[in-house]
Number of protein chains: 2
Amino acid sequence: MGKLQKSIDKRNALVKATIELVNNNGFHATPMSKIAKMADVSPATIYLYFENKQDLVNQTYMDIKAEYTNFAFATHNPNTPVKEGFENIWKRIAEFKLKDCENAMFLAQCDNTPMIDESIRQKGIKHLQPLLDLWERGRNEQVIKPVSDYLLYAYAINPLSFLMISQKRGALQLSKKHIEEAYQAAWDSIKL
Amino acid sequence: MGKLQKSIDKRNALVKATIELVNNNGFHATPMSKIAKMADVSPATIYLYFENKQDLVNQTYMDIKAEYTNFAFATHNPNTPVKEGFENIWKRIAEFKLKDCENAMFLAQCDNTPMIDESIRQKGIKHLQPLLDLWERGRNEQVIKPVSDYLLYAYAINPLSFLMISQKRGALQLSKKHIEEAYQAAWDSIKL
DNA sequence: TAAAAAAGAATGAACATTCATTTTTTTTAA
DNA sequence: TTAAAAAAAATGAATGTTCATTCTTTTTTA
């Protein structure tokens, strides 16, 4: 195993430990020493890979956000009809949030608290552009309600985060049928 | 001013300071010393009113949750038709979240992070019973989709939290028209 | 063998909570 | 009614701990 691979592995271990610990305890209740221990590394080593704790969390956020949107848009074709395109993206997002729950929980926590630097969060939003483009087309074709992106996002996408958190807490177990129901609710809320 | 009133005032000041500071910095980045300073009280005094920091936040959550649901259901009449009843409750909730933004933000943060003891959060959920009853009736009358309360909540109510947070961040300014659009999306997502 | 990477221990700041006093309020007795 | 005494409430200053970060030494790699 080369030096580079070893470095990548170590960085990945740190990111992974950060996600798990922050998910369970929150940012400020997660000491660097615990992150180090979980990643099997000395606390001092973290500072070879990251500037400080804030930077570690910012980078973790950016990493996972990119992974998330890559997955969401991997099968997206900008030329398909709006309805079909939306269903595809929505289901990819649902799949990510439910299969890759740890990562999605982390993103949700970052987006709902003052944990991440605001400038970093802003950058993360840009990754969603393909979905915003689709919605713009949908509005033009009068397939989607003529309302703002925020509103569409609030009803079509954001509820998945709530369902995911509820599932993580053990409040419910989302089956294929539930996903289909959720998709219908999402589409009903934004379609014209 | 009697002794009792003075105590109540002091407790209220502590609760208010807690909300403001936790909203802006999160639970763990809010020191007791700052809460004390903002409430114009010695740090030691907090411990006359609350057992410890966790208890302070738990009690704050319970207080605000009760205030929220009282407001939401104040004008609710269990005998009105489902659609009308839902519109009324929804609009009361929207009003609370947008007018009493500080309090609503605090609840959202509590519900989206491991900040509050889980047992306390569970208690808070019970306050929503009138809405769950309405939904049950709606399902029986085939006015509302035959799906779980979690799903209905995720689409009909939770998006308001997202919109509220976005507004607080300055991403958008919710007008009467936006509220109406949001209501339509909420109803469209759950109606049969 | 030199340079880079990693380690563990050390440092100093921040913090929740407690402690020893002081201030305020209430009670008692003239 | 008043003022002294007792009780309660409030305070600011410790206390001891936890933690992010840095420093010095050791280990690994080139």
Side-chain angles (χ1 to χ4, degrees), chain A residues 1-61 106 109-110 113-117 120, chain B residues 1-61 106 109-110 113-117 120:
Chain A
M1 188 166 55
K3 184 195 75 162
L4 184 63
Q5 186 54 50
K6 215 166 141 185
S7 283
I8 292 172
D9 287 351
K10 215 163 270 192
R11 186 180 179 284
N12 286 344
L14 284 167
V15 165
K16 187 154 178 284
T18 301
I19 291 166
E20 182 167 340
L21 289 167
V22 169
N23 275 352
N24 291 317
N25 311 303
F27 173 69
H28 287 283
T30 299
M32 295 294 262
S33 55
K34 266 195 202 164
I35 295 173
K37 191 166 285 175
M38 184 172 273
D40 235 332
V41 134
S42 155
T45 303
I46 300 181
Y47 292 85
L48 301 174
Y49 292 83
F50 303 95
E51 221 173 293
N52 51 36
K53 191 179 177 184
Q54 186 65 57
D55 181 50
L56 165 60
V57 172
N58 285 347
Q59 286 200 38
T60 300
Y61 176 78
F106 181 79
Q109 190 168 166
C110 289
T113 65
M115 176 175 133
I116 289 287
D117 288 345
I120 301 288
Chain B
M1 191 165 56
K3 184 195 76 166
L4 185 62
Q5 185 55 49
K6 218 166 138 186
S7 282
I8 292 173
D9 288 350
K10 215 162 270 192
R11 186 180 179 284
N12 286 344
L14 284 167
V15 165
K16 188 156 176 284
T18 301
I19 291 167
E20 181 167 341
L21 290 167
V22 168
N23 274 352
N24 291 318
N25 311 304
F27 173 70
H28 287 284
T30 298
M32 294 295 261
S33 55
K34 266 196 200 161
I35 295 174
K37 191 165 286 176
M38 183 171 275
D40 233 334
V41 133
S42 153
T45 303
I46 300 180
Y47 292 85
L48 301 175
Y49 291 82
F50 303 94
E51 222 173 290
N52 51 37
K53 191 179 177 183
Q54 185 65 57
D55 181 49
L56 165 60
V57 171
N58 285 347
Q59 286 199 37
T60 299
Y61 176 78
F106 181 79
Q109 191 167 166
C110 289
T113 66
M115 174 176 135
I116 290 286
D117 288 345
I120 300 289

Subject >> Separation of B/Ile116 CD1 from B/Gln109 CD (nearest 0.5 Å) >> reply: 10.0 Å

Original post:
Looking at the side chain of B/Val41, which of D/dT11, C/dA16, D/dT21 is the nearest nucleotide?
Top reply: D/dT11

**OP:** Can you measure from CD (B/Glu51) to CG (B/Leu56) and round to the nearest 0.5 angstrom?
**Re:** 11.5 Å

**OP:** Would you mind reading off the distance between B/Leu48 atom CG and C/dT17 atom P, rounded to a whole angstrom?
**Re:** 14 Å

Original post:
Can you tell which of C/dG8, C/dA6, C/dC15 lies closest to the side chain of A/Ser42?
Top reply: C/dG8

Subject >> A/Lys37 NZ to D/dA20 P, straight-line distance once rounded to whole Å >> reply: 13 Å

Original post:
Does A/Thr45 have a side-chain nitrogen or oxygen under 4.0 Å from the phosphate oxygens OP1 or OP2 of C/dA7?
Top reply: yes

Subject >> Paired nucleotide for C/dT23 [Watson-Crick or G-U wobble; both distances under 3.5 Å] >> reply: D/dA8

Original post:
Between C/dT17, C/dA16, D/dA9, which nucleotide gets closest to the side-chain atoms of B/Pro31?
Top reply: C/dA16

**OP:** Could you state the atom-to-atom distance from CE of A/Met32 to P of C/dA13 in whole Å?
**Re:** 19 Å

Original post:
What distance separates A/Asn23 CG from A/Thr18 OG1, expressed to the nearest 0.5 Å?
Top reply: 10.5 Å

Original post:
Taking OP1 and OP2 of D/dA9, is either one under 4.0 Å from a side-chain nitrogen or oxygen of B/Lys10?
Top reply: no

Original post:
Separation of A/Asp9 atom CG from C/dA5 atom P, in whole Å?
Top reply: 15 Å

Original post:
Where is the tightest heavy-atom contact between B/Tyr47 and B/Asn52, given as atom of each residue plus distance?
Top reply: CE2-CA, 3.8 Å

Subject >> Integer-rounded Å distance: C/dC15 C1' and B/Gln54 CD >> reply: 16 Å

Subject >> Atom-pair distance (CG on B/Leu14; P on D/dA9), nearest Å >> reply: 15 Å

Original post:
Can you check whether B/Tyr49 has a side-chain N or O nearer than 4.0 Å to OP1 or OP2 of D/dA10?
Top reply: yes

Subject >> Length of the line joining B/His28:NE2 and C/dA16:P, which is rounded to integer Å >> reply: 10 Å

**OP:** Consider the side chain of A/Ala44, meaning its heavy atoms from C-beta on, and name the nucleotide among C/dT18, C/dA7, D/dT11 that approaches it most closely.
**Re:** C/dA7

Subject >> Rounded distance (Å) that lies between atom P of C/dT18 and atom CZ of B/Phe50 >> reply: 16 Å

Original post:
Does the pair A/Asp55 and A/Gln59 meet the rule for a side-chain hydrogen bond (donor to acceptor under 3.5 Å, both in side chains), with working shown?
Top reply: CA-CA 6 Å; A/Asp55 181 50; A/Gln59 286 200 38; 3.1 Å; yes

